[in-house]
*Asks:* 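The structure is given below, and queries will be raised subsequently.
Indexing begins at 1, ligand by ligand and atom by atom, following the structure's order.
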Amino acid sequence: MDRTDKEESRRHFLKAIGADAAALLLPVALVRPAFGQVCAPPGNTSNPTPWVRDCRSIQARRPASTLTGSEITKLKAAYKAMRDLATSDPADPRGFLHQTHIHCHNCGGGGSTIQVHFGDRFLPWHRAYLYFHEKILGTLIGDMNFRLPYWDWENPAHRTMPSAYTSPNNSTNPLFNSPRSMGPGDTLDPTDGQPATALSETNFADFSPELEGSPHGSIHNAVGGDMSFFDTAAKDPIFYAHHANVDKLWSDWTKADASHTAPTTAAWLNQTQGFFDENKKWRTIRNADVVDHEAKLRYIYAGRTWEYITWLCLRDWVLVDRLQVLDASRIQLTQAGRQKLLPMIGKSETRLRLISPQLPQNRSASYFLYYDERDAKANRGPESPSYLGLVSVVLMSKDGSQKMGQPRKLDFDLKGKLKGLADRSAEFSFFLVEKTQKGPNAAVSKLPVRGVEILRGQEA
Ligand code: C2O
């Protein structure tokens, strides 16, 4: 069976057992041995010791593109030491290969049932992962003031990969990774790395999936190679600078408004994640311990996202209308719904929320989303009247043997688009086109959804 055939039979299977049941089973039941061979568990994890307080001095993580020569030398020395350790002592959990396996293992690899993506542990887990990784790097070069750099891809001046990672662009550079498709001369498309919609969310449950889908996923795909699949992503050193930026955006969002808090349920706060520390000890750390990264994890971020991004200061997003979903891909705005939208045109911040979009799972890719088929075929991107935004799919593994989870919801800014949408009197659908496909006859696929909502921003 080739991949398409496998996909087909999987789809029939999912249909047969019912989509809801399938959603419940996805993280666990579809793990196959082939996928498990990609990574081993990160080591002996049977005796966890709880994380204890960190007394390093508080230091700043800085933009990778602005590091000084000696900071770059230090960063490269740290990754070189980590790579060397993987060769000199393959059993040492601090070696580079084991570090990459931690990520793989936590997205269902190696037969594990842990899945840290597509849910509310995405942000705390990756924060803790980087924290332990950073302390190991610091230990290996004998400098506990070492902090990871971040790739601030939302900054228009930093759309190329930070040069430390590409210069020299070969394996003499410990920050280089050969499978990348993004090269030193390449620049991110402006639609990649746009966090404004995520940053304008008013609560964590909306912020986290919005940040995770795109920009997070779109940068994985834009870098390409190992980064396009969660089981191999951490093999590329740019992964850690990418995730430091994702972590910074969480930090920025938290600082922007007192109401922007992490979840407060005991279940979330007490959820623990396990990592090897800089002394090879297996530690567990609770979500509650990572919320305040400055006081507890001893780093801050230099630079503010709001220097480059305009984001809205809103109290809340309130539901205005729920569109009719006739079947998963036929959507209808009712006459009553239209009446509610008309007064908001040009007056209110509005957004479209797709509930449980069923993203394609045949490849890792970023897609432009449209609500008009002709526009989709022409695929002109943001300048098209029915363009809604970017949707990113990052698969678990290249062989497609494990299915990704689906986002619970995705939000799209309707600035300048509400009138066009309100004018739709007939049924319509949502369409995805791979962003790299140029028109005029791009391959278009319908995006099935469970629900569609129009939200209005409530001013503070
Ligand atoms: Cu755990 Cu960006 O992925």
*Asks:* Report the atom name of the nearest N/O/S atom of H216 relative to atom 2 (Cu) of ligand 1.
*Replies:* NE2
*Asks:* Kindly indicate, with the supporting measurements, whether the criterion salt bridge (Lys or Arg N to Asp or Glu O under 4.0 Å) is fulfilled by D413 and K415.
*Replies:* CA-CA 6 Å; D413 187 6; K415 192 178 282 306; 5.4 Å; no
*Asks:* Taking the six-membered ring for Trp, are F275 and F132 parallel (under 30°), tilted (30 to 60°) or perpendicular (over 60°)?
*Replies:* parallel
*Asks:* In total, how many protein N/O/S atoms does one find closer than 2.8 Å to atom 1 (Cu) of ligand 1?
*Replies:* 3
*Asks:* Angle between ring planes, H133 versus Y240, binned at 30° and 60°: parallel, tilted or perpendicular?
*Replies:* parallel
*Asks:* Less than 6.0 angstrom separating the ring centers of Y129 and H243, yes or no?
*Replies:* no
*Asks:* Verify the neighbour count for atom NZ of K281: are there more than 12 heavy atoms of other residues, nucleotides or ligands below 6.0 Å?
*Replies:* no
*Asks:* Which of these passes ring-ring contact (aromatic ring centres under 6.0 Å, His included) with H126: H242, H117, H293?
*Replies:* H117
